[in-house]
Amino acid sequence: MSGNELLLERYLPEFQFRNKHSTVIRAPSARVYRAMESLNLSRSLPVRILLRLRGLPTSGSTWENFRRLRFCELGRIPEREFALGVVGQFWTWKGRLQRLDAQGFLNFAQEGYAKAIWHFGLEPAGEGRSVLHTETRIQCLGDKAYRKFRRYWNFIAPFSGFIRKRSLEIVRCDAEAAEGNP
């Protein structure tokens with residue numbers, strides 16, 4: 001852990017599954033954070049295909065659209081970190097996603113569901129560079145949810161990892177392309 005994952009530790013310190021990735025970006029933290037805030041995953045054809053296969057809308061895959069899909073913003077610390085959370089039965093077709101706010105996410109404890117957090121953490125790396133991390137954590141609520149999610153994760157983990165890595169690439173390209181704008 002890099003020390004910037006305050007939101008991860010507050011909202012999901014205990015988990016059974018995790019996916020972590022990072023990249024070095026040749027841009028200062030402020031520029032990288034702006035690029036992260038404006039991330040649009042629909043710019044990636046493979047990501048659009050994966051989202052469509054999951055039955056999710058593919059046009060305008062922005063943070064606002066993820067919120068419409070029942071992801072809740074758990075918090076943001078400008079130029080340091082940002083996190084979204086979602087609760088559902090992800091192994092089902094529509095996911096049975098729950099509409100919650102950050103406090104509802106924190107307090108949710110109904111067995112048979114899983115809680116997931118998608119986190120971005122940012123650290124300065126000197127010489128105008130930054131390191132951007134993304135981590136996804138999943139906590140299953142009860143043995144039944146764990147067994148069902150484990151089977152689902154065994155299949156979906158590589159695709160989830162691909163989406164996370166692609167999100168880092170898009171942010172890196174956008175931040176580095178905006179070189180003239182500190």
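Since the structure is predicted, the reported quantities are computational estimates derived from the model, not experimental observations.
- In this structure, the side chain of K115 does not engage the main chain of G85 through any donor-acceptor pair within 3.5 Å.
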Dump the intermediate steps for side-chain contact (heavy atoms from CB on, under 4.5 Å) on F90 and L97, then the final yes or no. CA-CA 8 Å; F90 310 123; L97 304 181; 3.7 Å; yes

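- Partners of Q103 according to the side chain to side chain contact (heavy atoms under 4.5 Å, CB included) rule, which considers only residues two or more places apart in sequence or in another chain, are R10, D101, L106, N107.
- Note: W118 CH2 to N19 CG = 10.5 Å, rounded to the nearest 0.5 Å.
- Closest heavy-atom contact between A145 and G112: CB-C, 3.7 Å.
- Judged as a side chain to side chain contact (heavy atoms under 4.5 Å, CB included), and not counting sequence neighbours, the contacts of A27 are I25, R31, V32, A175.
- Summarising the geometry, atom SG belonging to C72 is positioned 6.0 Å from atom CG belonging to L100; distances are rounded to the nearest 0.5 Å.
- Results of the side-chain hydrogen bond (donor to acceptor under 3.5 Å, both in side chains) test with H119 over E135, K20, E9, E81 single out E81 as the only residue that passes.
- Counting all heavy atoms, side chain and backbone alike, F149 lies closest to C140 at CB-SG, 3.6 Å.
- Remark: R43 pairs with D174 by the side chain to side chain donor-acceptor pair (under 3.5 Å) rule, at least two apart or across chains.
- Applying the side chain to side chain donor-acceptor pair (under 3.5 Å) test to Q89 and every residue at least two apart in sequence or in another chain returns R96.
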Under 3.5 Å, side-chain donor or acceptor atoms of residues 150-167 against the rest of the protein: list the pairs with distances, not counting sequence neighbours.
| unit_1 | atom_1 | unit_2 | atom_2 | d |
| --- | --- | --- | --- | --- |
| Y152 | OH | R54 | NE | 3.4 |
| N154 | ND2 | R150 | O | 3.3 |
| R164 | NE | T136 | OG1 | 2.9 |
| R166 | NE | S44 | OG | 3.3 |
| R166 | NH1 | E169 | OE1 | 3.1 |
| S167 | OG | R164 | O | 2.5 |

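- Residues passing the salt bridge (charged side-chain N to carboxylate O under 4.0 Å, His left out) test with R147: none are found, sequence neighbours excluded.
- Contacts of Y113 classified as ring pair (Phe, Tyr, Trp, His ring centres under 6.0 Å), with partners at least two apart in sequence or in another chain: F108.
- With rounding to the nearest 0.5 angstrom, the CD1 atom of I138 is 8.5 Å from the CG atom of L12.
- Note: I117 CD1 to L8 CG = 5.0 Å, rounded to the nearest 0.5 Å.
- Under the side chain to side chain donor-acceptor pair (under 3.5 Å) criterion, E127 pairs with no residue at all, not counting sequence neighbours.
- Looking at residues two or more places apart in sequence or on another chain, you find no ring pair (Phe, Tyr, Trp, His ring centres under 6.0 Å) involving F15.
- Residues L84 and E73 have side chains in contact (heavy-atom distance under 4.5 Å, counting atoms from C-beta outward).
- Across all non-hydrogen atoms, the minimal contact from L132 to M36 is CD1-SD, 4.2 Å.
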Would you check, one step at a time, whether the test side-chain contact (heavy atoms from CB on, under 4.5 Å) holds for Q139 with Q16?
CA-CA 6 Å; Q139 179 188 44; Q16 295 95 356; 4.1 Å; yes

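- With rounding to the nearest 0.5 angstrom, the CD atom of Q98 is 6.5 Å from the CD atom of Q110.
- Residues Y146 and F17 place their aromatic rings such that the two centres sit under 6.0 Å apart.
- Remark: R34 CZ to S29 OG distance equals 11.0 Å, nearest 0.5 Å.
- Connectivity analysis of hydrophobic side chains (ILVMFWY, heavy atoms under 4.5 Å, direct or indirect) links V131 to V24.
- Using cut-offs of 30° and 60° on the angle between ring planes, the pair F82 and F120 is tilted.
- Looking at residues two or more places apart in sequence or on another chain, you find no ring pair (Phe, Tyr, Trp, His ring centres under 6.0 Å) involving Y11.
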